[in-house]
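Below: one structure, written as structure tokens.
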Amino acid sequence: QGGAPHAPPSPPCRSGHRARCGRTRDARARRSLAMTVPVQTWGSLGSMVGEQREFGEQSAEYLESNEVHDLFGYLLRQVVVNQPPPEKLIKFLQEQIRAKPPLAVAVIGPPGINRSKYCAQIAQEYKIQHIHVGKLLSTAARSRKELKEIIEAGDLVEDNVVIDLVKAEIHKWNKTGWILDGFPRTKIQAQALSMKETGFALDKVLLLHTGEKAIRGRFAAKVAAAGFSAADREDLINSRLQQYQRHVISIAELYKNVIRQIEVNAGEEGFDYIMATIKGNLHLRPYANAPLRSHRISIVGSCASGRTTVGRAVAKHYGVVHVDPALLLRKHQQATGQQADGMPPEWVSDEELCAIVGRRLSEIDCVRKGWVLDGFPKTTSQAEFLRQSHHWPTRMIHLAIGEETAVQRTSERKIDPVTGAAYYKPPGNPLVAERLLA
């Protein structure tokens, strides 16, 4: 298993041809051996001679360090969106390279989460237009009685009305950038942002999220500040929450490859921390609004060093995908009918594990959002695979702990036989706590 494929048996030969048949078998064996490509030479560099390999490594390093792949991706998107005539294509590309790319962001969230305050701060810091959809509707309602009645009743305005208002504003600020506050609120509105008029795609979609109790408290305070009794407006609060919960799932599904969920404390004390998290999710160049390559982080460390805990925290803060090779392997083994229990990733060949991890990193959510690798690479071959498959991390984090600490943590660790999760302290769920194994 894992060795060179066997050459097919040679047909019987006469004595006069034994030497020639022997040479033929040797040649077949050499070709067979050449077919077995070790992990260290995976990728296009593996078939190069020495001089070509050195040049290829230098070229790959230049492309990676200068983010040339990202530049070409951005230019390709602009060509597809704007479709300049062939005779003006070169000039168009030159203008795109010189110009400061506009930032396009949409922020959605439940009522009462203080969404507009965060949007205003983002607009100020990145010098883009704050498109407050609620104010647009309020302005339009002054001259449209039926629109005013819908808004006062707490119902959603018809999609085509909102879409037309938002598109008109986007056209005004397309060259300088914008942030949408409270749009889209329905799947139809979200689909409208994927049309050519709006550049087909947003740079980022931020979903501000918090618990329902906090949402109700904040929205009640908002109603009271407007001069109404929270008790009298209970139906309005319920209606707005139901509308939001009914539509947010379909919106999140449509934008699943670019949306970033940010947990928001309903109080004011966490504003600076939440803004820092938002800016970490936007991840833009300091001198322009051009999006940087998404974070690609690898966290390594010994057993019980806290890799998974740190990886999940990093993924949450930067809005990237947490990729756990052990979990991927377990799912792969279950899907293929292999025995999954008690087989750690270290017991699997590098080829198989790298193939599983590589497929996950190539999926669209990892490409668009970025990723954090939990405990990978662990070998030189795995590291070489990341480099040659163009999944080289932009950051490496090594969690170093002492041997005594590692032994102590490992002795206290318990495993959930159902999920395979490790616990170093009692979990909050009593049902999980009862089934843990030492």
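Predicted model, so just to flag it, every value in this text is computed and none were measured.
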For [X], look at atom [atom1] and say whether over 12 heavy atoms of other residues, nucleotides or ligands are found less than 6.0 Å away.
| X | atom1 | answer |
| --- | --- | --- |
| Glu404 | CD | no |
| Glu403 | CD | no |
| Gln245 | CD | yes |
| Arg246 | CZ | yes |

I need the [X] [atom1] to [Y] [atom2] distance, nearest 0.5 Å.
| X | Y | atom1 | atom2 | result |
| --- | --- | --- | --- | --- |
| Ser305 | Ile299 | OG | CD1 | 9.0 Å |
| Leu136 | Asp164 | CG | CG | 12.0 Å |
| Glu352 | His332 | CD | NE2 | 4.5 Å |
| Ile297 | Met396 | CD1 | CE | 11.5 Å |
| Leu353 | Phe385 | CG | CZ | 9.0 Å |
| Leu431 | Leu436 | CG | CG | 11.0 Å |

If you take all heavy atoms of [X] and [Y], which pair is closest and at what distance?
| X | Y | result |
| --- | --- | --- |
| Val79 | Pro84 | O-CD, 3.7 Å |
| His130 | Ala123 | CB-CB, 3.7 Å |
| Val357 | Pro325 | CG2-CB, 4.1 Å |
| Val367 | Leu361 | CG2-O, 3.9 Å |
| Ile113 | His209 | CD1-N, 3.7 Å |
| Val320 | Lys369 | CG1-O, 3.4 Å |

Would you please classify the geometry between the Trp371 ring and the His391 ring as parallel, tilted or perpendicular, with 30° and 60° separating the classes?
-> perpendicular

Leu103/Thr176 under side-chain contact (heavy atoms from CB on, under 4.5 Å): CA gap, chis, key distance, verdict | CA-CA 7 Å; Leu103 174 64; Thr176 57; over 6 Å; no

Are a donor atom and an acceptor atom from the side chains of Glu263 and Gln261 found within less than 3.5 Å of each other?
-> yes

Scan side-chain atoms only and decide if His295 and Thr394 contain a donor-acceptor pair under the 3.5 Å cut-off.
-> no

Is there a side-chain contact between [X] and [Y], using heavy atoms and a 4.5 Å cut-off?
| X | Y | answer |
| --- | --- | --- |
| Gln78 | Phe92 | yes |
| Phe72 | Leu76 | no |
| Leu193 | Ile170 | yes |
| Leu165 | Val133 | no |
| Val264 | Asn114 | no |
| His322 | Lys316 | no |
| Ile278 | Leu206 | yes |
| Ile163 | Phe183 | yes |

Start with the C-alpha distance between Tyr244 and Ile108, add both sets of side-chain angles, then the distance that settles side-chain contact (heavy atoms from CB on, under 4.5 Å), and finish with yes or no.
-> CA-CA 10 Å; Tyr244 170 77; Ile108 58 177; 5.6 Å; no

Evaluate the side-chain contact (heavy atoms from CB on, under 4.5 Å) criterion for residues Ser116 and His132: first the C-alpha distance (whole Å), next the side-chain angles of each, then the deciding distance (0.1 Å), finally the verdict.
-> CA-CA 7 Å; Ser116 297; His132 193 306; 3.0 Å; yes

Check whether any side-chain N or O of [X] sits under 3.5 Å from a backbone N or O of [Y] as a donor-acceptor pair, and report yes or no.
| X | Y | value |
| --- | --- | --- |
| Glu384 | Thr380 | no |
| Tyr126 | Trp178 | no |
| Arg260 | Tyr318 | yes |
| Thr186 | Gln189 | yes |
| Thr405 | Ile401 | no |
| Glu253 | Ile249 | no |
| Arg296 | Trp392 | yes |

Let me see the working for Leu208 and Tyr118 under side-chain contact (heavy atoms from CB on, under 4.5 Å), right down to the final yes or no.
-> CA-CA 10 Å; Leu208 307 183; Tyr118 298 109; 3.9 Å; yes

Can a salt bridge be assigned to the pair [X] and [Y] using a cut-off of 4.0 Å between side-chain N and carboxylate O?
| X | Y | result |
| --- | --- | --- |
| Lys279 | Glu125 | yes |
| Glu95 | Arg98 | no |
| Asp181 | Arg115 | yes |
| Arg360 | Asp324 | no |

For Val157, the side chain to side chain contact (heavy atoms under 4.5 Å, CB included) test, sequence neighbours excluded, returns Leu137, Leu147, Ile150, Ile151, Val161, Val162

